[in-house]
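What follows is one structure encoded as structure tokens, with my remarks underneath.
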Amino acid sequence: SLLQEMTMRTQMLRNGFCFPIKLFNPEEIHQIQVGFEDYVKRFGNAGVISGDTRFRVHLVAEWARDMVHHPALVAAVKDILDDENILCWSSDINIKYAKSAGMYTWHQDSTYSGLEPSNKV
């Protein structure tokens, strides 16, 4: 609905993030998990993806391509960015497994992408 779309955009502008957004049904989530696990088996080392195999995954893996092109995700991105013209520049795998000591801190991809304007990255 228009109200929901405006709320997502408002949340994004105010907070820098937006949630919850329901994108995938249980079967789609299962297919993503199966595809990801197969990808890790094929390209990982001891169950870990590292190096170049972590980047631009949507160009080489069907499950990742399906995620990037999923109508609900595309619609949410268009709504939040308030733009019909969108492009997936990259799709990266960054994993922090439950109970691991690693952490990912808040960051802005626009700093590293070289793309402008930063509010559209």
Side-chain angles (χ1 to χ4, degrees):
S1 74
L2 181 58
L3 179 58
Q4 182 181 15
E5 292 169 6
M6 290 183 350
T7 302
M8 287 192 317
R9 179 157 173 75
T10 300
Q11 280 187 19
M12 187 64 165
L13 291 171
R14 182 179 301 136
N15 304 322
F17 60 90
C18 179
F19 74 94
I21 303 173
K22 177 135 175 77
L23 298 176
F24 308 108
N25 67 41
E27 178 58 29
E28 291 168 325
I29 291 169
H30 175 74
Q31 292 302 319
I32 291 166
Q33 184 69 34
V34 167
F36 169 74
E37 289 172 356
D38 180 60
Y39 189 82
V40 171
K41 285 178 190 170
R42 290 174 54 208
F43 300 107
N45 183 8
V48 176
I49 294 290
S50 62
D52 290 341
T53 58
R54 294 185 316 119
F55 303 105
R56 294 179 181 81
V57 180
H58 71 289
L59 298 177
V60 296
E62 184 176 0
W63 61 272
R65 186 197 68 233
D66 290 346
M67 285 178 63
V68 167
H69 291 277
H70 192 281
L73 178 60
V74 170
V77 171
K78 286 179 175 181
D79 290 342
I80 290 169
L81 295 179
D82 192 28
D83 201 323
E84 287 295 311
N85 298 310
I86 62 171
L87 169 73
C88 177
W89 180 258
S90 189
S91 54
D92 306 349
I93 298 176
N94 292 300
I95 302 169
K96 191 238 177 255
Y97 291 104
K99 300 181 182 177
S100 70
M103 69 179 335
Y104 284 100
T105 58
W106 183 256
H107 66 282
Q108 294 180 329
D109 290 335
S110 61
T111 303
Y112 309 103
S113 71
L115 300 173
E116 293 183 3
S118 62
N119 67 334
K120 298 285 185 169
V121 175

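Note that this is a predicted model, so its numbers are computed, not measured.
Annotation: Asn45, atom CG; neighbour count of heavy atoms from other residues, nucleotides and ligands within 6.0 Å does not exceed 12. Within a 6.0 Å radius of CD in Glu37, other residues, nucleotides and ligands contribute more than 12 heavy atoms.
Between the CE atom in Met67 and the CD1 atom in Ile32 there is a gap of 4.5 Å [rounded to 0.5 Å]. Of the inter-residue distances, the one linking Asp66 atom CG with Leu73 atom CG reads 12.0 Å to the nearest 0.5 angstrom.
No donor-acceptor distance shorter than 3.5 angstrom exists from the side chain of Tyr39 to the backbone of Ile49, with no hydrogens or angles considered. A donor-acceptor contact shorter than 3.5 Å links the side chain of Glu28 to the backbone of Asn25.
Counting heavy atoms from C-beta on, the side chains of Arg9 and Asp79 never come closer than 4.5 Å. Residues Ile21 and Ile80 are in side-chain contact: their nearest non-hydrogen atoms beyond the backbone lie under 4.5 Å apart. The shortest side-chain heavy-atom distance between Ile95 and Phe36 falls under the 4.5 Å cut-off. You'll find the side chain of Met12 stays beyond 4.5 Å of the side chain of Met8, heavy atoms only. In this structure, Val34 and Asp38 have side chains that are not in contact, with every pair of non-hydrogen atoms separated by 4.5 Å or more. Within the 4.5 Å cutoff, no side-chain heavy atoms of Gln31 are placed close to those of Phe24.
With sequence neighbours excluded, the residues satisfying side chain to side chain contact (heavy atoms under 4.5 Å, CB included) with Ser90 are Arg56, Asp92. Scored by the side-chain hydrogen bond (donor to acceptor under 3.5 Å, both in side chains) test, Ser91 finds His58 as partners (sequence neighbours excluded).
The hydrophobic clustering, which links ILVMFWY residues whose side-chain heavy atoms are closer than 4.5 Å, places Val57 and Val68 apart. Ile29 and Leu23 fall within a single hydrophobic cluster, where Ile, Leu, Val, Met, Phe, Trp and Tyr side chains are chained together by heavy-atom contacts under 4.5 Å. One hydrophobic cluster holds both Trp63 and Val60 under the rule that ILVMFWY side chains link at heavy-atom gaps under 4.5 Å.
Using the six-membered ring where Trp is involved, Phe19 and Phe17 have ring planes that are parallel, under 30° apart on the 30 and 60° scheme.
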